[in-house]
Colleague: 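One structure follows; several queries about it will come next.
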Amino acid sequence: MSPTLAWAATAAALAVAALGALSTLTRRRIGLAHLVATGVLEGVLLLQAGLAVARLAGGARPEEPATFLGYLAGAVLVPVAGVLWARGEPSRWAGTVVGVAALTTAVMVWRLVQLWGDAGA
Amino acid sequence: MPDPLGEPARPGTATSGLGRVLVALYGTFALAAGARAAVQLATRFDEAPLAYLLSALAAAVYAVATVGLVRGGRGGRATATAAILVELAGVLVVGTLSVADPAAFPDETVWSGYGRGYGFVPLVLPLLGLLWLRRADAEGRRRRPR
């Protein structure tokens with residue numbers, strides 16, 4: 001897995017977490033800013049998933065392929081679940097929910113990099 | 001034009017809202033620990049049966065806590081409290097044992113090294129959970145005095 005994409009995902013996830021913390025601190029629900037930042041994160045994750053599937057199809061094999069695929073699919077789903085949940089949350093903790101989801105994906109992305117190891121391009 | 005940071009939050013929902021954050025965290029850990037335990041038990045149970053069974057136990061405890069928090073009410077909170085106390089004992093006992101006798105824990109569990117592999121979240125989570133449950137109990141009593 002490319003560390004460049006992992007860093008991009010981490011930066012986007014940190015932006016979502018910061019925006020979420022800001023909303024919680026200022027007693028707000030989530031707004032357009034959170035949706036845009038999470039959209040950027042989701043874009044990076046989808047790009048990563050696409051590249052990974054292409055390389056797997058090309059014969060690359062990471063350690064523990066089952067775990068790898070689980071994390072790959074999970075990472076794409078978690079931000080979506082976080083946003084859906086946070087949009088239905090009327091309290092100021094909506095921002096924290098979406099931030100937790102984003103940070104979870106950042107951790108998962110680095111786990112993917114680790115699992116990929118040197119499985120080849 | 002709506003505020004990009006979001007509309008003002010509905011007041012008076014802070015306790016339940018924070019509970020939702022806990023549900024999100026507990027749900028994530030139930031899934032993460034459960035998936036890890038399933039893979040470990042299915043692919044290499046013989047290597048470290050104790051560690052993998054502990055992973056499965058941790059996953060079950062997280063799942064019970066999640067269900068308790070989601071259900072809420074006095075019964076739900078009692079379930080969650082019991083599960084979280086088991087969780088706290090688990091992370092402290094397994095954490096201490098894994099540091100004192102690393103040979104007995106050849107493979108990582110969620111609770112090894114006090115949750116080191118998971119950014120120490122497994123150590124902080126039960127404390128957060130117990131604090132929130134205490135607050136929610138107090139609020140429940142205020143709303144419906146016995």
Side-chain angles (χ1 to χ4, degrees), chain A residues 16-37 63-75 77-79 81-108 110-111 114-115, chain B residues 1-44 47 52 55 59 62 66 69-70 107-108 110 115-122 124-125 128 132 135-136 139:
Chain A
V16 174
L19 286 168
L22 198 59
S23 283
T24 296
L25 288 174
T26 57
R27 297 171 183 270
R28 284 165 189 286
R29 303 175 64 170
I30 61 163
L32 190 61
H34 303 82
L35 297 183
V36 170
E63 279 175 66
E64 308 188 37
T67 311
F68 182 84
L69 283 173
Y71 271 95
L72 199 62
L77 295 177
V78 167
V83 162
L84 288 178
W85 184 332
R87 278 174 70 92
E89 174 57 53
S91 81
R92 62 191 156 106
W93 295 99
T96 304
V97 166
V98 80
V100 165
L103 292 180
T104 305
T105 33
V107 173
M108 294 175 87
W110 286 104
R111 184 86 179 108
Q114 196 185 13
L115 283 171
Chain B
M1 152 128 194
D3 190 320
L5 271 183
E7 303 299 315
R10 200 179 297 166
T13 50
T15 307
S16 63
L18 185 54
R20 306 272 278 175
V21 176
L22 278 175
V23 170
L25 283 168
Y26 270 99
T28 307
F29 267 85
L31 268 178
R36 179 172 213 176
V39 169
Q40 289 174 334
L41 288 173
T43 57
R44 38 175 203 275
E47 283 174 33
Y52 300 154
S55 287
Y62 286 122
T66 310
L69 288 170
V70 169
D107 207 345
E108 293 271 304
V110 206
R116 193 176 39 205
Y118 292 81
F120 293 103
V121 176
V124 180
L125 205 51
L128 266 182
W132 180 80
R135 208 169 102 179
E139 197 160 284

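Below, chains carry the letters A, B, ... as their sequence lines are ordered, and counting in each starts from 1.
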Colleague: Using 0.5 Å steps for rounding, measure from the CD atom of A:Glu64 to the CZ atom of B:Arg44.
Modeller: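 Separation between the atoms: 5.0 Å.
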
Colleague: Do B:Leu5 and A:Arg29 touch side chain to side chain, with heavy atoms closer than 4.5 Å?
Modeller: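 No, every pair of side-chain atoms sits at 4.5 Å or beyond.
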
Colleague: Please say whether more than 12 non-hydrogen atoms of neighbouring residues, nucleotides or ligands are located less than 6.0 Å from CZ in A:Arg111.
Modeller: yes

Colleague: Tell me which pairs pass salt bridge (Lys or Arg N to Asp or Glu O under 4.0 Å) where either residue lies in residues 17-34 of chain B, with sequence neighbours left out.
Modeller: A:Glu89-B:Arg20

Colleague: Which region of B:Val21, side chain (C-beta onward) or backbone (N, CA, C, O), has a non-hydrogen atom less than 4.5 Å from a non-hydrogen atom of chain A, or is it both or neither?
Modeller: both

Colleague: Against chain A, label B:Ala35 side chain, backbone, both or neither, depending on which of its atoms sit under 4.5 Å from a heavy atom there.
Modeller: neither

Colleague: So, for A:Trp85 and B:Val23, which heavy atoms are closest and what is the spacing to 0.1 Å?
Modeller: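 Shortest heavy-atom contact: CH2-CG1, 3.5 Å.
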
Colleague: Below 4.5 Å from any heavy atom of chain B, which atoms of A:Leu19 appear? Answer side chain, backbone, both or neither.
Modeller: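 Both parts, heavy atoms under 4.5 Å.
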
Colleague: So if I take each residue of residues 98-108 of chain A and look for any heavy atom under 4.5 Å from a heavy atom in chain B, which residues do I end up with?
Modeller: A:Val100, A:Thr104

Colleague: B:Ala9 and A:Ser91: which non-hydrogen atoms are nearest, and at how many Å?
Modeller: CB-C, 3.7 Å

